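Right, one structure below, let's go through it.
Chain letters run A, B, ... following the sequence lines, proteins first, then strands; residues in each count from 1. The structure presented is a predicted model; accordingly, all values stated were derived computationally and were not measured.
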2 protein chains.
Amino acid sequence: MNHRSVNKVPSSKILKVALALFSSRGYSETKMAEIAQNVGLSVGALYLRFKNKEELFWELIKDQSKDFIDRTKNLPEDDPLKALRTYIALNIEYAFQKRQLISIFFREYNLTFLKPLRKKFFKTQHEIIKDILTAGIKRGTFRPMDVEDTASIIFASIRGAILLKLIFGIGDVKAMSNSLFNLITNGIRKDAL
Amino acid sequence: MNHRSVNKVPSSKILKVALALFSSRGYSETKMAEIAQNVGLSVGALYLRFKNKEELFWELIKDQSKDFIDRTKNLPEDDPLKALRTYIALNIEYAFQKRQLISIFFREYNLTFLKPLRKKFFKTQHEIIKDILTAGIKRGTFRPMDVEDTASIIFASIRGAILLKLIFGIGDVKAMSNSLFNLITNGIRKDAL
DNA sequence: TTATTAACTGAACGATGGTTCATATGAACG
DNA sequence: CGTTCATATGAACCATCGTTCAGTTAATAA
């Protein structure tokens with residue numbers, strides 16, 4: 001340790017504060033000076049930690065995303081219905097728990113450097129859903145269907161529900177999760193053909 | 001008609017050009033100078049037509065929204081299934097047709113003056129879906145359910161599907177409409193309960 | 001204590017972009 | 001024609017940040 005090597009404020013706190021600001025005001029509405037003030041540092045100090053605003057933002061996205069690491073990894077192979085229920089519940093709960101991050105993803109539609117992340121996310125999730133569907137059809141639990149399209153629609157429905165929750169604050173997490181699962185599995189028909 | 005009362009370029013053209021720019025680049029990325037150039041006017045002239053950027057934007061939103069006037073007004077009262085199918089199809093087709101406007105609504109999450117419009121839209125649509133569901137349950141076409149929650153989820157699913165289409169360009173409009181209707185009515189289960 | 005240097009400060013710089021305004025243009029009217 | 005005035009022009013103005021940097025602070029080593 002060499003000469004004053006202790007930071008006045010840890011970088012993790014900067015990221016935390018910045019996350020709160022970015023997710024509530026939006027990227028371009030959040031000023032560097034504002035972050036500095038809320039953190040208790042000068043603007044200059046921020047630039048000693050991060051090259052610029054974009055890198056600070058990026059760092060924060062990486063930091064928040066890192067523990068998404070496939071919780072959806074160990075879904076029951078042998079029980080497609082349970083797998084689906086778990087998948088939906090995990091997704092919605094995660095989104096709610098990480099709502100600041102997720103808000104940013106919905107909100108900052110026009111930040112081009114988020115696009116690839118979104119795309120990648122879609123691909124991964126789409127694949128997982130397809131696997132569940134395929135397994136379910138093979139097992140006779142699910143009816144035959146266009147797996148590709150249906151997986152897209154299911155993905156979309158889950159994201160839509162999350163969006164609704166985040167934007168309008170509508171819906172309780174648990175109830176929403178159940179309703180969605182119910183809708184997707186049984187539909188609203190009284191007697192499904 | 002008094003002294004040179006003909007505009008070099010009609011305001012409708014300004015709105016049209018601005019719509020294209022706002023929906024592809026985003027509100028704050030679209031510069032007044034850029035709009036002026038694409039329209040074939042000077043910046044100053046824009047300010048003779050519209051008080052400022054925000055009003056120009058607002059005018060364009062109003063202009064685009066005005067003919068949404070309840071196409072969803074005359075859904076068949078006596079056939080809930082058909083009503084739902086029609087409602088979904090209308091919604092998705094409309095969104096695709098007016099995709100520039102809809103993109104803006106998804107994209108400009110942080111423009112506070114869009115919030116009330118979003119809220120109002122949700123309320124209207126939620127009401128319509130609830131009516132369809134209630135009618136269907138009464139008729140015995142649909143199973144008993146929490147109408148409030150289910151309507152929210154259905155709304156969310158439709159918006160999610162539209163978002164998917166607009167963001168990723170994924171899915172054909174007709175096919176998507178069918179898949180969604182199918183999912184919502186029948187679910188994916190082979191033998192519903 | 002003194003020297004060293006990492007960490008910090010905040011005024012100043014510069015780029016960007018919305019808005020204004022002095023000036024120009026030209027269609028209609030007398 | 002010449003006058004009028006709605007319409008148009010675009011350079012200049014100004015506010016808002018992101019970013020930089022010369023100077024300051026204070027922890028550690030000597």
Side-chain angles (χ1 to χ4, degrees), chain A residues 1-62 104 107-114, chain B residues 1-61 104 107-108 110-114:
Chain A
M1 219 181 265
N2 240 357
H3 316 281
R4 188 171 188 186
S5 53
V6 183
N7 291 331
K8 191 176 167 191
V9 166
S11 291
S12 61
K13 186 182 176 191
I14 301 179
L15 292 180
K16 196 177 159 193
V17 169
L19 172 65
L21 290 171
F22 281 134
S23 87
S24 70
R25 298 208 209 306
Y27 181 77
S28 65
E29 294 315 303
T30 301
K31 319 302 177 192
M32 288 302 268
E34 204 180 351
I35 297 175
Q37 195 184 357
N38 277 275
V39 149
L41 276 179
S42 66
V43 217
L46 282 189
Y47 280 88
L48 292 175
R49 311 293 188 84
F50 305 94
K51 204 175 74 202
N52 52 34
K53 188 180 179 184
E54 186 172 326
E55 201 202 71
L56 165 52
F57 182 77
W58 190 247
E59 221 49 58
L60 158 179
I61 295 290
K62 276 198 297 187
I104 289 178
R107 190 164 200 147
E108 304 301 339
Y109 187 91
N110 25 25
L111 293 185
T112 45
F113 51 101
L114 286 185
Chain B
M1 219 180 264
N2 238 0
H3 317 281
R4 185 168 190 191
S5 53
V6 183
N7 292 331
K8 190 178 168 190
V9 165
S11 291
S12 61
K13 187 183 174 190
I14 301 180
L15 292 180
K16 196 178 158 191
V17 168
L19 172 65
L21 289 172
F22 281 134
S23 87
S24 70
R25 297 208 211 305
Y27 180 77
S28 65
E29 295 315 303
T30 301
K31 319 301 176 192
M32 290 301 269
E34 203 180 352
I35 298 175
Q37 194 184 358
N38 277 274
V39 148
L41 275 179
S42 65
V43 216
L46 282 188
Y47 281 87
L48 292 175
R49 310 294 188 82
F50 306 93
K51 203 176 75 202
N52 51 33
K53 189 180 178 183
E54 185 172 327
E55 202 202 70
L56 164 52
F57 181 76
W58 190 247
E59 221 51 57
L60 157 178
I61 295 291
I104 289 178
R107 192 165 197 146
E108 305 301 339
N110 25 24
L111 292 185
T112 44
F113 51 100
L114 287 185

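Look at Y47(A) and you'll find a side-chain N or O under 4.0 angstrom from OP1 or OP2 of dT19(D).
At whole-Å resolution of the value, CZ in F57(B) and C1' in dG18(C) are 16 Å apart. Spacing between atom NZ of K31(A) and atom P of dA15(D) amounts to 16 Å, rounded to whole angstrom units. Atoms NZ (K51(B)) and P (dT20(C)) sit 10 Å apart, rounded to a whole Å. Distance CZ (F50(B)) to P (dA8(D)): 12 Å, rounded to an integer number of Å. The CG atom of L56(B) sits 17 Å away from the P atom of dG17(C) (whole-angstrom rounding). One can place CG of N52(A) at 9 Å from C1' of dG18(D), the figure rounded to the nearest angstrom. When the C1' atom of dA15(D) is taken as reference, atom NZ of K53(B) falls 15 Å away, rounded to whole Å. Atoms CD (E55(B)) and C1' (dG18(C)) sit 15 Å apart, rounded to a whole Å.
Of all the heavy atoms in F50(B) and E55(B), the pair that sits closest is CA-OE1, 3.6 Å.
Between F22(A) and Y27(A), the two ring planes are parallel [angle under 30°; tilted spans 30° to 60°].
Counting non-hydrogen atoms under 4.0 angstrom, S28(A) reaches nothing in the nucleic acid.
Formation of a donor-acceptor pair under 3.5 Å by the R107(B) side chain with backbone atoms of S24(B) is found in this model.
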Could you give me the CA-CA distance, side-chain angles and deciding distance for R25(B) and E34(B), then say whether side chain to side chain contact (heavy atoms under 4.5 Å, CB included) is met? CA-CA 11 Å; R25(B) 297 208 211 305; E34(B) 203 180 352; 2.4 Å; yes
Just do the side chain to side chain contact (heavy atoms under 4.5 Å, CB included) check on L111(A) and I104(A) with the steps written out, would you? CA-CA 10 Å; L111(A) 293 185; I104(A) 289 178; 5.8 Å; no
With B for base contact, S for sugar-phosphate-only contact and - for none (protein heavy atoms under 4.0 Å), nucleotides 2-10 of chain C reads --BSBBBBB
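With V39(B) as the partner, the side-chain contact (heavy atoms from CB on, under 4.5 Å) test is satisfied by one option alone out of L21(B), L15(B), I14(B): I14(B).
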